[in-house]
Amino acid sequence: MSYRGRRRYRDDYDRREIIESPQDKLKSAIFKLGEVDPVEELPHLEKQIRALVPPAISSLSEAFRIGVTEQPYKIPYYAALLRLLHEQPDGEPSLGRQILEDIWKGFQTYVDQLAWRETRFCIHFFAHLTLANLVSIDSLVGLLQSLTAVLDEFGVSHGRAKRAALCAAEGLMIAGSVIKTNHASNATDIVNAIVAFNETTTSAKWIVHPMMSLPSTSVTTDNADELLDILLASLGALEKSGYAESLTSFPRPYADFPALDLESFTPFSLPSVLVPPEVIELENEMGDDAPIKKEEWPEYFIRLFENDVSPDFNTPKGYAVRTDLVSILDIFEVNRKECARILLEYPKWMLPGTFKPKPGAPVVDIEPVPGRGWQLESTIIETILGAFFILPESSQKSIYYMSVITELCKLSPSTVGPAVGKSIRKLYGYLSDGLDLDIARRFSEWFAVHMSNFGFQWVWKEWLPDLALVIQNPRRAFMRRALEYEIRLAYYERIAKTLPEPMQDPEVYVVPKQAPGPSFEFDDPINPHHDNAQSVLNLFRGRANAEDVISHLDALRSAVETSEDGHVNTDSIVRTIAIQSLLHIGSRSFSHLLNAIERYLPLLRHIVNSGATGNVEAKTDVMNAVARFWKYNSQMVVIVFDKLMQYQIVDPTDVVAWTFQHGRTEDDVLGSPSALGVLQWDLLKGALDKGNGRVSIARKKLTVLRKEDDDTRARAIAEDGASMEVDAEAKKNEMPENPALTSAIKAFSTLTKEQKSVLSRTLEGFMSYLVPSSPDVITEKAWHNRANWGKEEWNTWETWGWYRHFCRVYSPYLRTFSTTLSTVSFARLEGSTDPAAVLVQKVFNVAVGQE
């Protein structure tokens, strides 16, 4: 076949119409329920399903299951559709009943697999079916009780208990009106079980509250709502109303259907279930094959608006809205545009009057509903930012939340834009009130990305009065950091022109004094080492071999020794010339940098292992040279350090030590030799992640090799015919060792020791900064007097914030080595009554679960 013939055949193939089977068309129709009006579509969809003869029960139940678990905001309407399908002529089996029985089988699979999200949405579905009289009340209560039993398990993890509590409580919230009537004591028992578990999480809440409260360990409800707290508050409100309020908090489209004849109709009885136990993976300080699981924390959602603007999440109505919006946000992570569209269409799935009508929309005569009439866009933005700012980390990538907000602004700029602006102003106001440092960092990243999508336009003049604040004040720090991120996304001159004139003055430290770029110390001909540096540069430009460059540096060292007076570290000067020259060659782009590093890896290894002073000082010289070369571009410092660790020129422990010892300089107007900022945290995080990541990779490799070795030995024994267990074990021990496995065990042990060393060194570094420190910074009186704080107070406060964040982010690893770390790192604090020493240890103890 000719090329044209093949092309025409392929085009014809691509244009072929995909023929859907009747079952596929029905599934698609079920998924798309409500594209126009869900209530009006229900009877039409019922007829469409009944028209398929014979009915494909498994296909229909699968469509319901997928619809319920991937479009949970439609659950009341799927319950109504199943209610319509239960009506059947006398003598014929109920189509709805058959579908429900098959749905239950799928639900049982979800439970067995511990698929908590799918399990939770199915329970929502069963609760609505109970209100529709399709599921027996007794069986639903039994299902909810089986979930609350999880809370009583010995050593149950916070994540497992939280998910089980959500399943049970939300099922009770939906069907509480009928459960309270028939099983009042059981409803109370479910609530009490959740209350008892929630009381055990107080310390953990303190360390992940969005508003950093170091002086007081009591957890406040100001400006933030915790998930289990709002769940219990909503249940409490329902209890007071006898669960009557649950009938007005969730849509019930099936409520207007004709009543079933309960004398001839028997509700479906949900079979009893047993939630499988959690797989417990033990770890010890020598390291096991078990992967380290990230500890899950209480979830705090930051509040931005008053209760007349967005829902009060502590009420059943507000909780229902929050649950739906967060579910949409998590499920549609694969498609941000679809997520934005569904969020803006959400009001049609809620009770009429829940949100204010859009401007210009026809007026509908709806009886006012107390506690409703919220602003949809403000509610959506508050929910997205609440999910984005969860500590210690959000469930989705940061860029996803930013992208959804951007798509919302594109879909409805006139309504979403003002909500975004109000959110930015509110968060900015929180900065000086103790907003968590990592949330402030994420806020500045989002602000910069959002500005980049909309022409970098912001009313900066609103913040001009804050230029009178001390430079280290969190509001000043936010301006500086946000503009630094904006410059990364555009270029220096453009961003500077968007600012009012007072902010453009370099002396106010809002924008950098110059554009990000390299700072080659030896570029100036006046520098005494200019010619030496040029000779090294010429070798790099000519792509000389690493051996030739090493020889030249050895000769250069002799020349420098001759020219200096003997009081200068010659090795240090030569290293700095070599490193900065190499960086100068690689400064044009990332690809140039990587090519330069990879080409001259032998040179870099020679540099860190040469000289009379040993490689510790050599590595410090290398990192000092990098930091000075990129002093106008902190992002490049982090990137180059990461590459140096990747190629094992420096170790994570070296980076941690350098960060605490050399990360700040005395002449740094913005910083302090006794404080850590965002750059220092980024360097620490890079080193910690590198150390932990290497252990994780080594663990996976070791697991594979052990399995392969066991399989090989088992086959050898089987082929040898060793029948007795004792003989088989003896035969197994006689086999030669696997060299690859032995090597992997040694590597894993070495990396685990390095991991422990990195964590220990970080802890000790924080303690050297914080203890002893000014106790005034961490007292209630001092915190209320923060308007008068100066440079040192704010710098110390910032360091406390990063220590708090370090402990909660790396708590799984700290817990693994908690015994050693407590014994070694905290040895000098034992018995100390210094407030700073007590607080340092308390934060650590909370993070590792010892308080």
Side-chain angles (χ1 to χ4, degrees), residues 518 521 540 546 549-550 553 569 571-587 590 593-631 633-665 676 679-698 747 750-766 768 806 810:
E521 293 180 17
F540 286 141
V549 179
I550 292 171
L553 291 177
N569 188 329
D571 288 335
S572 180
I573 293 173
V574 173
R575 290 172 192 140
T576 302
I577 290 173
I579 294 300
Q580 290 209 355
S581 298
L582 185 62
L583 292 175
H584 191 63
I585 293 297
S587 63
F590 288 143
L593 173 66
L594 292 177
N595 287 336
I597 291 176
E598 290 174 358
R599 174 181 287 274
Y600 291 104
L601 279 176
L603 169 64
L604 292 170
R605 293 193 177 106
H606 173 79
I607 288 174
V608 297
N609 289 292
S610 64
T613 54
N615 67 358
V616 173
E617 186 171 338
K619 291 178 179 180
T620 300
D621 288 340
V622 168
M623 290 183 281
N624 282 336
V626 172
R628 293 202 299 268
F629 184 85
W630 286 114
K631 65 182 178 180
N633 191 339
S634 60
Q635 182 184 26
M636 287 303 301
V637 177
V638 177
I639 290 171
V640 176
F641 275 36
D642 179 75
K643 294 305 170 187
L644 293 177
M645 287 188 289
Q646 178 182 336
Y647 291 111
Q648 298 182 345
I649 305 303
V650 298
D651 298 325
T653 310
D654 300 320
V655 174
V656 171
W658 182 90
T659 300
F660 284 110
Q661 293 171 7
H662 306 278
R664 293 284 199 184
T665 57
L676 263 72
L679 170 60
Q680 289 70 36
W681 169 250
D682 287 342
L683 292 173
L684 288 177
K685 186 175 186 300
L688 290 160
D689 289 346
K690 189 70 71 177
N692 295 332
R694 286 175 179 171
V695 171
S696 178
I697 293 170
T750 301
L751 291 172
T752 302
K753 290 177 181 177
E754 181 184 84
Q755 179 189 35
K756 185 179 5 177
S757 176
V758 172
L759 292 167
S760 176
R761 184 64 189 83
T762 305
L763 262 179
E764 291 166 4
F766 272 114
S768 69
F806 158 71
Y810 296 101

Those residues that, when tested against Phe766, pass ring-ring contact (aromatic ring centres under 6.0 Å, His included) (two or more places apart): Phe660, Tyr803, Phe806
Phe590/Ile639 under side chain to side chain contact (heavy atoms under 4.5 Å, CB included): CA gap, chis, key distance, verdict: CA-CA 9 Å; Phe590 288 143; Ile639 290 171; 3.5 Å; yes
Option passing side chain to side chain donor-acceptor pair (under 3.5 Å) with Tyr810 (candidates Asn692, Asp689, Thr762): Asp689
Audit row: Lys690, Gln646, side chain to side chain contact (heavy atoms under 4.5 Å, CB included) steps and yes/no: CA-CA 8 Å; Lys690 189 70 71 177; Gln646 178 182 336; 4.1 Å; yes
For Leu604, side-chain contact (heavy atoms from CB on, under 4.5 Å) partners two or more places apart: Ile579, Leu582, Ile597, Leu601, Ile649
Nearest heavy-atom neighbours spanning Gln755 and Gly691: CB-O, 4.4 Å
Arg575: which of Val608, Thr620, Asp621 passes side chain to side chain contact (heavy atoms under 4.5 Å, CB included): Asp621
Given Leu763, Asp651, Leu683, Leu684, the one that forms side chain to side chain contact (heavy atoms under 4.5 Å, CB included) with Val656: Leu684
Atom of Ala578, atom of Phe540 and distance for their closest heavy-atom approach: O-CE1, 3.7 Å
Step-by-step side chain to side chain contact (heavy atoms under 4.5 Å, CB included) determination, Thr576 to Asn624: CA-CA 8 Å; Thr576 302; Asn624 282 336; over 6 Å; no
Side-chain touch Leu593/Met636, heavy atoms, less than 4.5 angstrom: yes
Heavy-atom side-chain contact between Glu598 and Tyr647 under 4.5 Å: yes
Parallel, tilted or perpendicular: ring planes of Phe629 versus His584, cut at 30 and 60 degrees: perpendicular
Qualifying residues under side-chain contact (heavy atoms from CB on, under 4.5 Å), relative to Ile550, sequence neighbours excluded: Asp554, Leu603, His606
Taking every non-hydrogen atom, the tightest pair across Met645 and Pro652: SD-CA, 3.7 Å
Closest non-hydrogen atom pair, Pro602 against Ala546: CB-CB, 4.0 Å
Closest contact, heavy atoms only, Ile607 versus Ala618: O-CB, 3.5 Å
Distance-minimising heavy-atom pair for Asp654 and Met623: O-CE, 3.5 Å
